[in-house]
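Note sheet for the following structure.
None of these values were measured; they are calculated from a predicted model.
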Amino acid sequence: MATQAHSLSYAGCNFLRQRLILSTLSGRPVKIRKIRARDDNPGLQDFEASFIRLLDKITNGSRIEINQTGTTLYYQPGLLYGGSVEHDCSVLRSIGYYLESLLCLAPFMKHPLRIVLRGVTNDQVDPSVDVLKATALPLLKQFGIDGESLELKIVRRGMPPGGGGEVLFSCPIRKVLKPIQLTDPGKIKRIRGMAYSVRVSPQMANRIVDSARSILNKFIPDIYIYTDHMKGINSGKSPGFGLSLVAETTNGTFLSAELTSNPQGQGAAVLPEDLGRNCAKLLLEEIYRGGCVDSTNQSLALLFMTLGQQDVSKVLLGPLSPYTIFAAFEELFPDYV
């Protein structure tokens with residue numbers, strides 16, 4: 001490998017995505033060693049390699065070196081360029097895995113980003129596109145990132161393991177982020193949701209809605225859960241169903257929860273009634289945790305506060321997720337992680 005002076009050095013595969021995002025934003029090269037060095041399948045996984053290819057597409061002049069076994073990665077970031085991009089995501093992780101990173105980077109491109117992502121739209125690991133659309137986009141608007149060009153649209157749904165979904169994301173660029181003062185979450189005023197089903201009976205979505213409402217109706221009357229049943233080419237390659245719920249407060253805070261059925265051929269079959277009830281309970285738990293930003297978007301809010309102007313920003317958060325704790329520490333003390 002070439003000389004890698006002044007690069008930050010890390011070991012292990014933990015938080016690889018976060019490290020590459022912060023490297024791209026700061027312009028500091030990183031070298032990551034011992035990536036699953038002792039595993040039976042050592043080195044970078046397919047979804048991580050796909051993420052690195054995505055970074056290469058949206059930047060200009062990035063230098064990426066990976067050793068033969070894939071256990072060592074050197075990344076020297078280039079200029080965040082943007083423009084029109086298409087990317088086929090790995091089906092091992094959902095589009096939300098890649099979209100979370102794009103939300104961090106898109107406002108700082110040279111040209112407005114317009115990207116088409118293909119793969120899995122909803123899974124049990126990463127935030128779904130539905131949740132990011134309902135919670136992350138309003139958070140971006142709080143920082144002054146808004147306009148007609150801010151859009152997140154599901155063209156086709158794709159469930160694991162086959163995928164086949166397609167998502168369009170576009171974002172304007174901003175030179176400066178607005179400071180925020182989010183210290184009062186307010187009271188819950190309404191709950192909205194999306195029950196979706198692909199390559200199964202449309203009745204599945206209706207059964208999910210009924211079971212979720214049976215719990216939520218005890219607390220608030222203003223509940224509306226949409227049903228989305230896509231057919232044909234728009235339904236992807238694998239069957240499945242799920243529910244995403246979002247609670248909105250009087251002060252414009254959005255708190256979310258979601259559940260998805262087990263992938264085809266994996267685990268026990270999930271009843272739509274159980275899924276609906278469990279998702280409603282998850283939303284109640286998220287509301288109990290409180291805060292002006294839900295646990296999915298805590299790290300995004302903290303990152304934008306770090307990148308904002310010198311004015312003081314304040315945000316009230318519930319209990320921090322492990323991902324948020326690491327992300328905040330790495331943003332403040334990159335040399336000590």
Side-chain angles (χ1 to χ4, degrees), residues 96 99-100 103 122 124 126-146 150 152 154 178-196 205-228 241-260 272-305 313-325:
L99 204 50
E100 276 188 305
L103 288 166
N122 306 81
Q124 297 176 322
D126 301 295
S128 70
V129 182
D130 299 280
V131 161
L132 291 176
K133 180 178 180 179
T135 60
L137 294 196
L139 181 61
L140 261 62
K141 292 176 182 176
Q142 296 272 13
F143 285 95
I145 306 164
D146 55 5
L150 181 63
L152 181 53
I154 300 176
K178 282 167 48 180
I180 59 168
Q181 301 287 329
L182 301 177
T183 55
D184 181 12
K187 302 290 186 182
I188 303 298
K189 67 175 180 179
R190 61 170 162 249
I191 294 174
R192 297 290 181 265
M194 175 69 74
Y196 52 87
N206 297 330
R207 290 164 64 184
I208 292 172
V209 171
D210 292 341
S211 59
R213 289 186 69 102
S214 68
I215 289 180
L216 298 176
N217 274 339
K218 299 174 184 176
F219 301 96
I220 190 171
D222 191 357
I223 301 170
Y224 199 93
I225 303 174
Y226 300 87
T227 57
D228 180 21
F241 53 87
L243 172 65
S244 61
L245 293 171
V246 177
E248 182 182 353
T249 71
T250 51
N251 289 347
T253 294
F254 294 87
L255 305 172
S256 65
E258 62 178 331
L259 271 182
T260 306
E273 287 80 8
D274 293 340
L275 186 142
R277 281 191 293 269
N278 291 337
C279 189
K281 291 174 183 176
L282 285 176
L283 180 66
L284 296 177
E285 184 180 341
E286 187 69 36
I287 294 170
Y288 174 73
R289 288 175 183 166
C292 297
V293 179
D294 69 343
S295 51
T296 303
N297 297 296
Q298 286 175 346
S299 58
L300 179 64
L302 294 177
L303 175 65
F304 281 171
M305 289 169 68
S313 289
K314 294 181 181 178
V315 66
L316 177 68
L317 301 175
L320 300 181
S321 67
Y323 183 85
T324 304
I325 293 170

Shortest non-hydrogen separation from [X] to [Y] and the atoms involved:
X      : Y      : value
Phe143 : Ala301 : CZ-O, 3.7 Å
Ser295 : Ser321 : O-OG, 4.2 Å
Ala212 : Ala280 : O-CB, 3.9 Å
Ile220 : Ile223 : O-CD1, 3.2 Å
Pro272 : Phe241 : CA-CE1, 4.0 Å
Thr249 : Pro185 : OG1-O, 2.6 Å

I would like to know whether Tyr196 and Thr260 meet side-chain hydrogen bond (donor to acceptor under 3.5 Å, both in side chains); could you show each step before the answer? CA-CA 9 Å; Tyr196 52 87; Thr260 306; 3.1 Å; yes
[atom1] of [X] to [atom2] of [Y]: how many Å apart, nearest 0.5 Å?
X      : Y      : atom1 : atom2 : result
Leu275 : Leu259 : CG    : CG    : 5.0 Å
Ile154 : Ser128 : CD1   : OG    : 7.0 Å
Lys178 : Phe304 : NZ    : CZ    : 13.5 Å
Leu243 : Asn122 : CG    : CG    : 10.5 Å
Arg190 : Thr250 : CZ    : OG1   : 10.5 Å
Ile208 : Ile225 : CD1   : CD1   : 9.5 Å

Residue pair Phe219, Leu284: steps toward the side chain to side chain contact (heavy atoms under 4.5 Å, CB included) verdict: CA-CA 10 Å; Phe219 301 96; Leu284 296 177; 3.7 Å; yes
Apply side-chain hydrogen bond (donor to acceptor under 3.5 Å, both in side chains) to residues Ser256 and Glu286 and explain how you reach the verdict. CA-CA 7 Å; Ser256 65; Glu286 187 69 36; over 6 Å; no
Does [X] reach the side chain of [Y], with side-chain heavy atoms less than 4.5 Å apart?
X      : Y      : answer
Leu245 : Leu216 : yes
Thr253 : Leu182 : no
Asp130 : Glu258 : no

Can a salt bridge be assigned to the pair Arg289 and Glu285 using a cut-off of 4.0 Å between side-chain N and carboxylate O? yes
Asp274/Arg207 salt bridge by N-O under 4.0 Å criterion: no
Please step through side chain to side chain contact (heavy atoms under 4.5 Å, CB included) for the pair Leu300 and Glu100, ending with a clear verdict. CA-CA 8 Å; Leu300 179 64; Glu100 276 188 305; over 6 Å; no
Asp294 vs Phe254, test: side chain to side chain contact (heavy atoms under 4.5 Å, CB included). Steps then yes/no. CA-CA 7 Å; Asp294 69 343; Phe254 294 87; over 6 Å; no
Qualifying residue, where the test is side chain to side chain contact (heavy atoms under 4.5 Å, CB included) with Leu137 and the options are Leu132, Leu103, Ile145: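 With Leu137 as partner, side chain to side chain contact (heavy atoms under 4.5 Å, CB included) holds for just one option, Leu103.
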Looking at Lys189, I want to see if its NZ is surrounded by more than 12 non-hydrogen atoms of other residues, nucleotides or ligands under 6.0 Å. yes
So, Glu273 side chain and Asp210 main chain: donor-acceptor pair closer than 3.5 Å or not? no
